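One structure is given here, and the rest of the page talks about it.
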Amino acid sequence: MAKNKEPRPPTYAVSVVGLSGTEKEKGSCGVGKSCLCNRYVRPKADDYYMEHTSVLSTIDFGGRVVNNDHFLYWGEVPHRGDDGLECKIQVIEQTEFIDDQTFLPHRSTNLQPYTKRAAASKLQSAEKLMYICTDQLGLEQDFDQKQMPDGKLNIDGFVLCIDVSKGCNRKFDDQMKFVNSLYSQMSKSKKPIIIAATKCDECVEQYLRDLQAYASNKKNLLVVETSARYCINVELCFQALTQQMDKKSGKPKTIPYLDAYKFQRQQVTTVTDKFVKLIVQTVKDYHTTWKAVSNKLKNHPDYEEYINLEGTKKARNTFSKHIEQLKQEHIKKRRDEFLSNLPKILNNLLNNLEEVEKLSWPEAQTLLKTRAEFQFWFVDLEHTPWDETDHIDKVNDRRVPFDLLRTAEGERIFQSHVQHLISEKRRVEMKEKFKKTLERVHFISPGQPWEEVMCFVMEDEAYKYISETDRRDVYSRHQREIVERAKEEFQEMLFEHAELFYDLDLNATPSYDKMSEIHTVLNEEPRYRALQKLAPDRESLLLKHIGFVYHPTKETCLSGQSCVDMKVEQILANRLVQLDHGRSNLYHHSANIDKVNLCLLGREGLAQELANEIRAQSTDDEYTLDGKIYELDLFPIDVNSALVLSHSWPSTFKPHGCICVFSSIESLNFIGDCVGRIRAEISQNRRDRYAPPMPFILILANQRDSICKNMPIRHQGQQLANKLQCTFVDIPSGTFPRKFNESQIKQALRGVLEGLKHNFDVMSPLPSIKDLSETDLRIVMCAMCGDPFSVDLILSPFLDSHSCSAGQPGQSNTLVLDKIIGDSRRRIQITVLSYHSSIGIRKDELVHGYILVYSAKRKSSMAMLRAFLAEVQDVIPVQMVVITDSQVDFFENEAIKELMTEGEHIATEIAAKFTALYSLSQYHRQTEVFTPFFNEVLEKKLSIEGSFMFDNTRDGSGASEDVFPQSPHSHSPAYPYYPDSEDDTEAPPPYSPIGDDVQLLPTPSERTKYRIDLEGNEYPIHSTPVGDHERNHKVPPPVRPKPVLPKPNVKKLDPNLLKTIEAGMRSTRRTRAHGDDIEPSDNYAEPVDTLKSKGFNDDIYAVPDDTLSRAKMRNFGGLHGPHGDEENGFDRMSKLQVGRRPSKYKHRSKILFSKTKAYHRRAHSDVSDDDSGPALQKKKKGRGHRGSEEDPLLSPVDAWKGGIDNPAITSDPEQDDKKMKKKKPPKTKEPKKPKSKASKPLYPPTRRNWESNYFGVQLQTLVTHEQPIPVFIAKCVDYIERTGLTTEGLYRVSGNKTDQDNIQKQFDQDHNIDLIVMDVAVNAVAGALKAFFADLPDPLIPYNLHPELVEAAKIVDHIERLQVLKEIVQKFPPVNYDVFRYVITHLNRVSRHSQTTLMTADNLSICFWPTLMRPDFENKDTLSTTKLNQSVIESFIQQCQYFFHDGEVTEPSGVGGTPPPHPHSMVESLVPLQLPPPLQPQQIQHQLQPDPLV
């Protein structure tokens, strides 16, 4: 059994000996026996004690640790040798304890001297405890208590300690003598001995050499160099002794101290690095405590290894250093933060250079403390310095400690601040000096690039001083100023040409000739050419002006807040008390609306965002607008399909209006579809035919992008608003972070409220003369928006009167004046409007007199007056009022004198009243100023009403547009659509003007019903100014209406057809006129009588075409015969007016007439006077369906459709005289109805009104093998190249449409015509050539190749792009290829003369690409590639030789040859506006050619 047990590991007892004794013998310190034992038995750094005293008290000497012995038991250490064998080492230290009283060795049981006692091999001491440290003595119970095994030990080996350091009052030789004696005694025991050279870290080399020499003289005596302090070779010493004690082990190996020291230091360094890294990773806050860190890391191996090797004290010191480093870094960070903020603080508190320039830094600190904002920027601490206070921990307190300013860094920053103020002052002065330099350079034009100007100012002192950024900033500011000034002057110029714009009714549209005239006239103006480099902005201003002229509202007034309508409403609302006239309220909401239900329509969360923005601006769902509080109930609808109808909101929610928000072209198209569906369903479900329509508002959301990207969305938004006849709210100028601006929301709400008020007004009964019996006279006062005088000035003659009161509710710009006129008191209704608002009532409403106001300081004010007055019926009295500061102006200012004189001359010519109001005088501000005018109006009242009644009846009985009643803002789009700047490609209208089953002359009630239904369901009026609700309704004088019998299914007839039928039925009229005793209105429903009325009215207001007119006049006089009291107002007015036919004031004033005709002569200077005579009139007679061309400024909305002539055309005395000379009866042949031909939806049918076997047919039928080019194309090109290569604006400036048609007609009859013999304008031939391609069934460039051309245009490499285009053009059909090559070669020749024609390849491509490609502009994919399509045609023109004549690639010149922009870098192509050319740019480009008109 015993054999199976594993043997116990051997145990060896080692005795550590060395010099011991009193201080006299050993010196002041020992040789290091205790430290060596301590380090070997307990190697951890925390268990190592440097002090082990041998001086003890008697009590300590007698304690169980010492136990009255002169040796210590250190304990037992397990040991594993290199061979893997384990053993145990029991360590004994032989010493000599000294009595602390006598300083002599304590008496013990063994009285032998130390040399003999230390060499003893057997030791015995009962219950002796293990020694740990000196503090253990007397406190044994507080330490670990272990007894020496069995109370006795047998020593197996000795470690002889010899101190090789300098020693403490001890000589090395004396120590060696003692050692030699001790060694002699130990050698007798035959036990192994190892010499431990202690304190080698303080080694004396000589001592060590002597020791080694001593050991070498002894047999098997090894010397191990040790250091207990650094734990070097301690374990090696005992290991060597163990090997000697174990007979089986080999000879022990020793390591020199230096080698062992290096190894140990490397180990310490590695462990230290790991520990430091661990501390850095763990401790981030300098407030962390060591206790928390040690508890957190106590099980981490890197932490434990460092603690064992270096000890807790060193670890804590390392931790403290890291904490201090963190604190210093935090303080530095805070200091840097404070110092970085100090310049900004000084700039706020000490920004006056004059105040601080002479101050010292201490004085500046004192000044800082006096600032009111001192406590906001600084903190004055009680304890300093600041980095030793708790302020360093207040990270949220960014105030700068004031004591930091006392440092050198603070003073340095202050000095830098003063220098910065000095340099900034100098910089500002130089920038202003440079700005003045730029102002002196007069050749700088608006839009001119900085690079073109830089070379002229490089020698300027200010230029050299400031930086390039400042130069560009100053120049940009200068450009903004001159651009703004140029735009203001351009706008004023447009107003000064009022006669050029304001000769057309509101519901008409500018014709192609009209637009050409506008361009021709404006091109003569320097203010037009001043914006040469800003052509897109100039075109935009012009288009905006034209749009406002034909669709004016106070919201879109070009004068903004200076609009007369707005100012008058504000003044009258503040100064007049509204009187209740008992007007019936048929609308369930009155004009004073308190609660408004709004439906918000949008996609992708825009509706909810708008609702949130409105609520954010509201207080408890109450919104304040224009001084009134409205309760808003919002219902946002996020539409994701096209099926949004009225049932999208609950049945309990009755919306008053719908605000539609969009941010992209896709959402805009979706909104348009939704609005159409909602209106359609409302129209179907509406039971009450008089129920009001719901206003719609379009709002564009801000996208935070460049303004260029928003331009197409804006244009299409305005376009859709025009089509839907609703208000469009654009993004205001400036920048703002949110999607919706407060001004947008207010404008939208105003639109809804005014729509409701307008509906309320429209639903009320139309006022008649009988209804207005309390109002004797209706006067309209007109003033120009933006005139340099206060509106109070022109209102003061009325407002200062005690008899002045407010007008009817809803008429916010109307006042009523009770005044004695003649022999009785009269009630005069005075409506004060802007000229643009007055145009709407000039023809449609009964007005007894006009007060026309203009400023003598503004030419445009007089021009607007002339334009307005020219179209006023000459039976209506006019009072002209000129405004200036004082009478002195007339004599001191020639411009004022000229305008006042002109006004007085006009007044003299038309027999109008003329007076002046002086802003600096109170005398003329009395109502008596207008008393003579009121007297004249009262005298002519009956004739005025009679004239109006005749005009009203004539318009109603002739198949005029009143059959389709239109407000100034409804139905027709703003302009026709011209993709190719020609009217042969006009887009179809939004609805057909013919084909609807309507009555020719409906009853008044039916007409009112139709107006409401039409406007309410399909095209509601938007943005109608309050009080303007009556402008679209004609108010007849008191008349007893006759019963009207409606005739169903009567079509709207062509006026030419009406004249034809009328001519054949005149004999019937004569017979019936004498046969029945009836009034003309008795049988209005009969078609024959209807035509009779048409002819009847024509005889009154137009010069008769034949000799029957006089008979008809006589018949008119006797038609109604005397009926006594039964004679109605219509008959009386007829008798009053039979003597003179009403005309317009422009025919009574040479000034007005000459101004109007001057524009026409300038625009058509290439046409001789004979061309406008009877021959030309005859030539135009057969084209009635294309609109009236007698007045080249007027044309129907859709010239290519058959229909009714524009009713706005009135007779012109000059033309009437020419007609009377001709005296030819009208042709009775019914005009042919143009054939409709299927084509792409975007393109209208052919504009021709004659049958042709040549034009509008397939290209293949026009060519032969011998003649690959159609004859017409060849003739046109030959004529243009012979006569037109020096014509400015060739192919861009349009020719006369009549000449174009004549060219094609003549060619139809004879293919051999000679254009040179015909002597036609080259622009007309160019237009005829383009019309040829536009009339082709298919475009010259086949549709199937368009995608390939677009993709080729996107290629960046120039040569590669041309190669691909050349491959594509080879795919053309042979006929198309030959013609295309011929045309491009011609255009290339034209481009070579661009210095005279101004038509570069770029300009030619802009004019020709829509004609050659005919893209579908309603397709958004096509719209996005318009620039690419144009660049393709430009490339063909430029590289004509390469594509078609095997030539080389030519170097592009100018911007025309630059590669096409990458599609992602392009500005999104705009949907072409529905505006006439040449104003409409085909696309927005980054770089635009100079306007070729200049």
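Side chains included, hydrogens not; waters and symmetry mates left out as well; all remaining heavy atoms used. Here the structure is a predicted model, which means the values were calculated and not measured.
R527 and E496 are joined by a salt bridge, as a carboxylate oxygen and a charged side-chain nitrogen come within less than 4.0 angstrom of each other. Using a cutoff of 4.0 Å between basic side-chain nitrogens and carboxylate oxygens, R1361 and D1357 are not scored as salt-bridged. Checked for salt-bridge contact, E1351 and K1354 meet the test: a charged N lies under 4.0 Å from a carboxylate O.
Other residues, nucleotides and ligands place no more than 12 heavy atoms under 6.0 Å from the CD atom of E1448. Atom CZ of R1282 is surrounded by 12 or fewer heavy atoms from other residues, nucleotides or ligands within 6.0 Å. Counting non-hydrogen atoms of other residues, nucleotides and ligands closer than 6.0 Å to CD of Q1395 gives a total of 12 or fewer. The neighbour count for D1446 CG, taken as heavy atoms of other residues, nucleotides or ligands under 6.0 Å away, does not exceed 12.
Note on ring orientation: taking the six-membered ring where Trp is involved, the planes of H519 and Y528 are perpendicular (angle over 60°, cut-offs 30° and 60°). Ring planes of H545 and F495: perpendicular class, angle over 60° (limits at 30 and 60°). Taking the six-membered ring where the residue is Trp, F1307 and Y1254 present perpendicular rings, their angle passing 60° and hence far from 30°. Taking the six-membered ring for Trp and thresholds of 30 and 60 degrees, Y1291 and F1408 have ring planes more than 60 degrees apart, a perpendicular arrangement.
Although no hydrogens or angles enter the test, the distance criterion places a donor-acceptor pair under 3.5 Å between the side chain of R529 and the main chain of N523. K533 places no side-chain N or O within donor-acceptor distance of the main-chain N or O of P449, the cut-off being under 3.5 Å. Judged purely by atom type and a 3.5 angstrom limit, S540 has no side-chain atom pairing as donor or acceptor with the backbone of D537. A distance-only check finds a donor-acceptor pair linking the side chain of R1414 to the backbone of F1333 [under 3.5 Å]. Looking only at distances, a side-chain donor or acceptor of S1252 sits under 3.5 Å from a matching main-chain atom of F1255.
Ring-centre distance between Y1382 and H1386: not below the 6.0 Å cut-off. In this structure, the ring of H1311 has its center no less than 6.0 angstrom from the ring center of F1272.
Between the side chains of T1425 and H1346, no donor-acceptor pair is found at a separation under 3.5 Å. Looking at S1391 and Q1438, their side chains never bring a donor and an acceptor atom within 3.5 Å of each other.
Residues L1259 and P1270 are in side-chain contact: their nearest non-hydrogen atoms beyond the backbone lie under 4.5 Å apart. Looking at L500 and L522, their side chains come closer than 4.5 Å, going by heavy atoms from C-beta outward. In this structure the side chain of I1433 never reaches within 4.5 angstrom of the side chain of N1429, judged on heavy atoms. Side-chain contact between V1293 and E1288 is absent, with no heavy-atom pair separated by less than 4.5 Å. Residues M493 and E489 are not in side-chain contact: their nearest non-hydrogen atoms beyond the backbone lie 4.5 Å or more apart. For the pair K1371/L1345, a side-chain contact is recorded, criterion being any heavy-atom separation below 4.5 Å from C-beta on. Contact check for F1380 versus L1412: side-chain heavy atoms found under the 4.5 Å cut-off.
Atom CD1 in I1303 sits 6.5 Å away from atom SG in C1276 (nearest 0.5 Å). The distance from the CG atom of L1365 to the CD1 atom of I1355 is 7.0 Å, given to the nearest 0.5 Å. For the atom pair M1413 CE and Q1430 CD, the distance stands at 11.0 Å (nearest 0.5 Å). Note: L541 CG to I546 CD1 = 11.0 Å, rounded to the nearest 0.5 Å. Between atom OG of residue S445 and atom CG of residue L534 there is a gap of 8.0 Å, rounded to the nearest 0.5 Å. Rounded to the nearest 0.5 angstrom, T1385 OG1 and R1381 CZ are separated by 7.0 Å.
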Audit row: T1287, N1323, side-chain contact (heavy atoms from CB on, under 4.5 Å) steps and yes/no: CA-CA 8 Å; T1287 302; N1323 286 334; 4.1 Å; yes

Tell me, with the steps shown, if N1376 and Q1260 meet side-chain contact (heavy atoms from CB on, under 4.5 Å). CA-CA 8 Å; N1376 295 53; Q1260 290 79 358; 4.0 Å; yes

Pair E484, E488 - check side-chain contact (heavy atoms from CB on, under 4.5 Å), show working. CA-CA 6 Å; E484 189 63 29; E488 292 176 357; 3.9 Å; yes

Could you walk me through whether Q1258 and D1338 pass the side-chain contact (heavy atoms from CB on, under 4.5 Å) test, one step at a time? CA-CA 8 Å; Q1258 293 293 338; D1338 299 306; 3.9 Å; yes

